[in-house]
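Scope of the values below: all heavy atoms of this structure, side chains included, with no hydrogens, waters or symmetry mates.
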Amino acid sequence: PHLYGPQLLQTARVTIGMDRVLFGTDYPLMPQEKALDYVAEAGLTNREKEKVLGGNAVRLLGLSSP
């Protein structure tokens, strides 16, 4: 959020797809809530948010989903 606005996720959607985006934060430099707000403001579908906020990491790391 310090360098790019939430529209960056729209660009990622078009160029690489939301299956390749992982959520991360700069905690403790920036509160996690700010990063979550960034995702919420990006105009993603609920399914895309699920992927970015954990689903893609579960798949990438071979974890079982809850």
Per the side-chain contact (heavy atoms from CB on, under 4.5 Å) rule, which among Arg47, Glu48, Glu50 passes with Met18?
-> Glu48
Close side-chain approach of Leu53 and Val39, heavy atoms under 4.5 Å | yes
Indicate if Leu60 and Leu63 have the same hydrophobic cluster label, given that clusters are the connected sets of ILVMFWY residues with side-chain heavy-atom separations under 4.5 angstrom.
-> no
Between Tyr38 and Tyr4 the two heavy atoms that sit nearest each other are CE1-O, 3.1 Å
Please answer: with hydrophobic residues joined when any side-chain heavy atoms are less than 4.5 Å apart, are Val58 and Leu61 in the same cluster?
-> yes
At their closest point, which heavy atom of Ala35 faces which heavy atom of Thr25, and how far apart are they?
-> CB-CG2, 3.7 Å
Looking at Pro6 and Ala42, what are the two nearest heavy atoms and their distance?
-> O-CB, 3.6 Å
Set of residues satisfying side-chain hydrogen bond (donor to acceptor under 3.5 Å, both in side chains) with respect to Gln10, sequence neighbours excluded | Arg13
Of all pairs that satisfy salt bridge (charged side-chain N to carboxylate O under 4.0 Å, His left out), the ones with a partner from residues 51-61, not counting sequence neighbours = Asp19-Lys51
Within the side chain of Asn56, is there an N or O that forms a donor-acceptor pair under 3.5 Å with the backbone of Leu22?
-> no
Please name all residues satisfying side-chain hydrogen bond (donor to acceptor under 3.5 Å, both in side chains) with Glu41, sequence neighbours left out, ordered by chain then number.
-> none
Does the side chain of Leu36 reach to within under 4.5 Å of the side chain of Phe23, using non-hydrogen atoms?
-> yes
